[in-house]
Amino acid sequence: MKFAASVLCAAAWPAVHAQTVAPIRLALIESMSGPFANTGEAVFRNLLWAVERVNARGGIKLPGGARFLQLDRYDSKGQNEEALSALRAAIDDGARIVLQGNSSATAAALVDAIEKNNERDIARRVLYLNYSAVDPALTNERCSFWHFRFDAHADMRVTALMEVMKSDASLKRAYLIGQDYSFGQAVLRESKRQLAQLRPDVQIVGEELHPMGRVKDFAPYASKILASGAQAVVTGNWGNDLTLLVKAAREAGFTGSFYTFYGNALGAPAAIGDAGIGRVIAVADWLPNVQTRESEAFYRAFRERFPKPADDYVHMRMQLLVEALAQALERAGSTDAVAVARALEKAEVSLAGQGGRMRAADHQFQQSLVVGVMDRQGSPGVKFDVEGSGYGFRVVRTIPAERAEMPTSCRMQRP
């Protein structure tokens with residue numbers, strides 16, 4: 001279950017800094033095998049890079065001496081039960097900070113398990129930092145003092161996509177498709193609500209949920225999309241479920257648009273090819289073609305660290321997550337879970353011209369969002385491509401944090 005990732009992190013620590021106290025262990029619980037292994041590996045690269053940066057500047061400065069961060073990874077195999085087993089193993093190994101994000105269903109299971117652990121085992125309380133599980137419930141009716149989300153939730157992302165969709169006067173027919181679990185259901189639900197409000201003239205010609213990670217051939221779904229007469233597909237699909245969907249749609253002859261949460265990487269641009277130019281739209285917290293010198297330097301630094309084209313998937317929010325954690329640990333002056341959580345509630349961080357703040361009311365990170373449209377590398381605004389595909393994403397909308405922010409129904413129970 002556990003991979004020897006901590007050796008890799010330790011190798012990156014500067015030799016000039018002698019480790020005099022035990023490192024602070026971070027437990028990454030993700031799919032490192034199975035159909036979504038590529039997403040787990042992408043997360044690991046991002047968090048490893050962020051941890052290396054903190055350690056390179058001397059680690060976390062605490063009253064008993066500076067402490068390095070150590071990133072250990074645990075394979076959930078894409079299964080909730082495996083993730084819960086990994087959580088127990090991580091706690092036994094001494095980790096008090098857990099990181100996970102790829103699957104809101106897994107996130108919900110971890111929140112419940114951590115709530116129970118922290119109530120009965122005060123000496124081994126755990127914090128959970130979430131970088132990608134975006135079911136809105138996690139910072140609304142299911143919010144937890146021990147859980148912090150650093151990604152915009154699904155409703156916030158749908159709202160950003162609608163900034164582009166509502167201005168497309170030619171769009172009259174849309175098809176909604178997603179993975180059949182809490183996140184996919186949330187995307188479809190909010191997309192229907194906002195389309196009805198913002199574009200009542202747009203007809204929803206299809207609405208479908210499919211098993212997550214189990215569909216090998218999306219041709220039947222592509223045929224339905226084509227037969228519906230849809231001009232656009234709205235989907236929150238991620239990993240292979242997205243790549244296989246867009247590839248099947250292209251092969252079926254679909255020439256409409258894809259409004260996506262994650263269409264900007266993990267094989268999707270290469271899979272759709274020229275058919276995606278001007279038609280694949282993606283929302284993110286940041287994109288490589290954000291037009292600032294700080295952003296470009298940040299992206300180039302990541303590519304120097306991970307030069308393989310297949311490794312080209314960098315997330316600003318994961319970098320900000322680790323920076324916020326480092327800030328909170330130092331402000332707390334301790335690794336005590338309650339003290340760190342209280343400091344993390346007040347986190348405000350920036351990096352390479354991007355930044356955000358944690359909202360204490362629900363532990364939902366507030367940050368700007370961007371929407372990009374796929375185009376050929378070298379086109380105006382597309383300096384960088386994705387994964388060596390020759391295609392990149394031109395930023396067409398920037399939504400400031402204050403506009404991306406949404407109300408919360410969270411009633412936080414604090415210890």
Side-chain angles (χ1 to χ4, degrees), residues 31 36 39 78 80 83 100-112 128 130-144 147-166 174-199 202 204 206-215 221 232-242 245 258-264 281-285 315 317 359 361-367 369 371 399 403-411:
S31 296
F36 295 114
T39 66
N80 289 353
Q100 183 272 341
N102 293 342
S103 171
S104 290
T106 299
L110 287 175
V111 167
D112 289 346
Y128 168 29
N130 164 15
Y131 43 77
S132 291
V134 296
D135 182 352
L138 293 169
T139 49
N140 283 295
E141 63 268 24
R142 299 193 67 173
C143 67
S144 167
H147 165 257
F148 294 81
R149 174 158 51 200
F150 286 81
D151 197 355
H153 63 59
D155 291 357
M156 298 166 75
R157 281 175 168 261
V158 168
T159 302
L161 284 176
M162 290 296 162
E163 288 275 326
V164 176
M165 185 176 278
K166 70 183 182 183
Y175 198 103
L176 312 182
I177 184 169
Q179 296 152 315
D180 192 7
Y181 75 113
S182 58
F183 160 64
Q185 295 159 11
V187 173
L188 265 62
R189 183 172 58 249
E190 185 64 11
S191 296
K192 283 173 61 179
R193 189 190 73 80
Q194 292 205 30
L195 277 171
Q197 180 181 356
L198 301 172
R199 288 295 306 273
V202 173
I204 296 175
E207 183 180 347
E208 186 134 23
L209 292 166
H210 63 80
M212 185 177 76
R214 298 204 298 271
V215 179
Y221 296 96
V233 172
V234 180
T235 183
N237 277 21
W238 52 276
N240 283 340
D241 281 349
L242 176 63
L245 173 63
F258 269 92
Y259 286 83
T260 75
F261 279 36
Y262 307 109
N264 54 307
I281 297 98
V283 58
D285 50 285
H315 298 278
R317 66 182 182 272
R359 187 167 67 182
D362 59 350
H363 295 183
Q364 171 65 59
F365 197 63
Q366 304 298 322
Q367 62 197 313
L369 298 175
V371 181
I399 297 94
R403 233 172 69 224
E405 188 169 0
M406 297 182 78
T408 180
S409 61
C410 171
R411 294 184 176 183

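Please read these numbers as outputs of a predicted model, since none were measured by experiment.
- Scored by the side-chain hydrogen bond (donor to acceptor under 3.5 Å, both in side chains) test, Asn264 finds no partners at all (sequence neighbours excluded).
- Annotation: salt bridge (charged side-chain N to carboxylate O under 4.0 Å, His left out) contacts of Asp112 (sequence neighbours excluded): Arg142.
- Listed by chain and number, the residues in a salt bridge (charged side-chain N to carboxylate O under 4.0 Å, His left out) with Asp362 are Arg359 (sequence neighbours excluded).
- For Lys192, the side-chain hydrogen bond (donor to acceptor under 3.5 Å, both in side chains) test picks out Glu207, with sequence neighbours left out.
- Listed by chain and number, the residues in a ring pair (Phe, Tyr, Trp, His ring centres under 6.0 Å) with Phe36 are Trp238 (sequence neighbours excluded).
- For Tyr128, the ring pair (Phe, Tyr, Trp, His ring centres under 6.0 Å) criterion is met by His147, not counting sequence neighbours.
- In this structure, the salt bridge (charged side-chain N to carboxylate O under 4.0 Å, His left out) partners of Arg193, at least two apart in sequence or on a different chain, are Glu190.
- Under the rule for a side-chain hydrogen bond (donor to acceptor under 3.5 Å, both in side chains), Ser31 has no partner lying at least two apart in sequence or in another chain.
- Applying the ring pair (Phe, Tyr, Trp, His ring centres under 6.0 Å) rule to Phe261 yields the partners Phe183; only residues at least two apart in sequence or on another chain are considered.
- Residues passing the ring pair (Phe, Tyr, Trp, His ring centres under 6.0 Å) test with His153: none are found, sequence neighbours excluded.
- Listed by chain and residue number, Asp151 satisfy the salt bridge (charged side-chain N to carboxylate O under 4.0 Å, His left out) test with Arg157 (two or more places apart in sequence, or in another chain).
- Applying the side chain to side chain contact (heavy atoms under 4.5 Å, CB included) rule to Glu208 yields the partners Tyr175, Ile177, Tyr221, Lys224; only residues at least two apart in sequence or on another chain are considered.
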